[in-house]
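Since the structure is predicted, the reported quantities are computational estimates derived from the model, not experimental observations. Sequence lines set the chain letters: A, B, ... in the order given, protein chains first and strands last, and positions in each chain run from 1. Hydrogens, waters and symmetry mates are skipped; everything else that's a heavy atom, side chains included, is used.
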Protein chains: 2
Amino acid sequence: MFSKACEYGIRASVYLARQAEKGDRASLTEIAKAIDSPVAFTAKILQLLARHEIIISYKGPTGGYEIPKEHLSGIQLSHIVKVIDGDKVYRGCGLGLKECNASKPCPLHFQFKAIRDELKEMLQSTTVQDLANELHRRPAFLKR
Amino acid sequence: MFSKACEYGIRASVYLARQAEKGDRASLTEIAKAIDSPVAFTAKILQLLARHEIIISYKGPTGGYEIPKEHLSGIQLSHIVKVIDGDKVYRGCGLGLKECNASKPCPLHFQFKAIRDELKEMLQSTTVQDLANELHRRPAFLKR
DNA sequence: AAAAAAACGGACAAATTTGTCCAGTATATA
DNA sequence: TATATACTGGACAAATTTGTCCGTTTTTTT
């Protein structure tokens, strides 16, 4: 569904969202440990998210990554997915055709579109804050 | 969503379903041309489907691949997907966790499950015959 | 100012997926 | 029975994704 990179990206963002609620930032190694991901690979993904201003990075001692508290409710999962995986999740044809739309559909087009639209809706209506809250409300996990 | 191999596999199966309605079989090269896929790679996929008895292969002149007419309504898309991509589409966690279920969920588990269940339902309730019919009812395409 | 901590960025490496090639086997037809 | 046709299966190659390494830059602390 999503690439590994994107999965790590979402998990890292949720972890940062939870830290943000505490007013904390987190270092690369802390994040990678918390979400059980390969450190150096995670670094690449965090850099990407930082370049797109979804998270903020700080160098030097006491540095790390951070999501400003006031951004928490504005960061949709769809933003993260778009930055890392692009928009193929939304636009792509289920059967891999380059050109597939209502006027020139593949035989699975309409069934597939229905599901993809729901996925899109879900990703747009879910924020990193929602998922951080989820971590509080019940025991939920970012690794294993 | 699906692998390339799986996309080709579904497209090839739908093409074969349409041929089956005419009582025809189709050769590898004919199929690859019809669905615009790499010939040798398509061969691998057809072999896989044949080994799992989703399609039948015949060697020699007049040979090719075929779906028995009477099987048409019994072949669900989920069968094809399972043979080629396995069941990760159904079982996998949206955030890539190895262990993710209702009692130990990732923060996205329930939202994700809802969508995946619909996908599953759609793949199970759609047969290759349904898609072949789709090709008749309106202009729909298997390539481009 | 020096040292240490932490992100950055580019090059490289491994793994997986996608795709190719070709010799072998089975089969229909002449 | 010879020949041509078409699928089979294994080895190989290219492309993409995933993951690593390391020197550089920035910033904090001493």
Side-chain angles (χ1 to χ4, degrees), chain A residues 1-12 16 19 24-67 81 83-86 88-89 92 95-96 98, chain B residues 1-13 15-16 19 24-67 81 83-86 88-89 92 95-96 98:
Chain A
M1 187 73 90
F2 306 124
S3 68
K4 282 281 171 202
C6 194
E7 291 172 358
Y8 296 147
I10 296 174
R11 274 150 66 189
L16 283 176
Q19 292 308 100
D24 276 0
R25 67 180 58 153
S27 73
L28 168 62
T29 47
E30 177 186 344
I31 295 171
K33 203 162 292 176
I35 68 172
D36 189 32
S37 64
V39 179
F41 190 49
T42 304
K44 297 297 182 195
I45 298 160
L46 291 171
Q47 283 166 29
L48 187 61
L49 291 176
R51 274 201 296 277
H52 284 82
E53 296 173 342
I54 288 175
I55 66 181
I56 301 182
S57 77
Y58 298 92
K59 288 183 175 181
T62 78
Y65 299 92
E66 186 182 305
I67 297 181
V81 172
V83 162
I84 302 178
D85 279 351
K88 67 186 165 195
V89 182
L95 300 187
K98 293 191 191 62
Chain B
M1 188 75 88
F2 306 124
S3 68
K4 280 283 170 198
C6 194
E7 290 173 356
Y8 295 148
I10 295 174
R11 273 150 67 189
S13 298
Y15 181 75
L16 283 176
Q19 292 308 101
D24 276 1
R25 68 180 57 153
S27 73
L28 168 61
T29 47
E30 177 186 343
I31 294 170
K33 203 161 290 176
I35 69 172
D36 189 31
S37 64
V39 180
F41 190 49
T42 304
K44 297 296 183 198
I45 298 160
L46 291 172
Q47 283 166 29
L48 187 61
L49 292 176
R51 275 201 294 278
H52 284 83
E53 296 174 344
I54 288 175
I55 65 180
I56 301 181
S57 76
Y58 298 92
K59 287 184 174 178
T62 78
Y65 299 92
E66 185 182 305
I67 297 181
V81 172
V83 162
I84 302 178
D85 280 350
K88 67 185 165 194
V89 182
L95 300 187
K98 292 190 192 62

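- One finds the OG atom of Ser13(B) at 5.0 Å from the CG atom of Leu49(B) (value rounded to the nearest 0.5 Å).
- One can place OH of Tyr8(B) at 11 Å from C1' of dT17(C), the figure rounded to the nearest angstrom.
- If you check every strand for non-hydrogen atoms under 4.0 Å, Ser3(A) touches sugar and phosphate atoms only.
- Rounded to an integer number of Å, the gap from CZ of Phe41(B) to C1' of dC7(D) is 17 Å.
- Contacts of Ser27(B) classified as side-chain hydrogen bond (donor to acceptor under 3.5 Å, both in side chains), with partners at least two apart in sequence or in another chain: Thr29(B).
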Show the atom names and distances, to 0.1 Å, of all donor-acceptor pairs under 3.5 Å that link a side chain in residues 32-41 of chain B to residues at least two apart or in another chain.
unit_1   : atom_1 : unit_2   : atom_2 : d
Ser37(B) : OG     : Thr42(B) : OG1    : 2.6

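- Here the P atom of nucleotide dA6(D) and the CD atom of Gln47(B) are 16 Å apart, to the nearest Å.
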- Message: Before you tell me yes or no, could you show the steps for Lys44(B) and Leu48(B) under side chain to side chain contact (heavy atoms under 4.5 Å, CB included), namely the whole-Å CA-CA distance, both residues' side-chain angles and the distance that decides it to 0.1 Å?
- Response: CA-CA 6 Å; Lys44(B) 297 296 183 198; Leu48(B) 187 61; over 6 Å; no
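- If you measure from atom CG of Leu49(B) to atom C1' of dC7(D), you get 14 Å, rounded to the nearest angstrom.
- The NZ-C1' distance, from Lys4(A) to dT16(D), rounds to 16 Å in whole Å.
- Between the CD1 atom of Ile45(A) and the C1' atom of dT17(D) there is a distance of 11 Å, rounded to whole Å.
- One can place CZ of Arg51(B) at 8 Å from P of dT8(D), the figure rounded to the nearest angstrom.
- Nucleic acid contact class of Arg25(B) (heavy atoms, under 4.0 Å, all strands): none.
- A salt bridge (charged side-chain N to carboxylate O under 4.0 Å, His left out) check over residues 2-12 of chain B, counting only residues at least two apart or in different chains, returns the pairs Lys4(B)-Glu7(B).
- Rounded to whole Å, atom P of dT18(C) lies 13 Å from atom CG of Leu48(B).
- In this view, Ser57(B) and Ala50(B), Tyr65(B) satisfy the side-chain contact (heavy atoms from CB on, under 4.5 Å) rule, not counting sequence neighbours.
- For Ser57(B), taking side-chain heavy atoms from C-beta onward, the closest of the listed nucleotides dT8(D), dG9(D), dT17(C) is dT8(D).
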Going 5' to 3' through nucleotides 21-30 of chain C and flagging B where a protein heavy-atom sits under 4.0 Å of the base, S where only the sugar-phosphate is that close, and - otherwise, we get ----BBBBS-
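- Partners of Gln19(A) by side-chain contact (heavy atoms from CB on, under 4.5 Å), not counting sequence neighbours, listed by chain and number: Tyr15(A), Lys22(A), Asp24(A), Ala26(A), Glu30(A).
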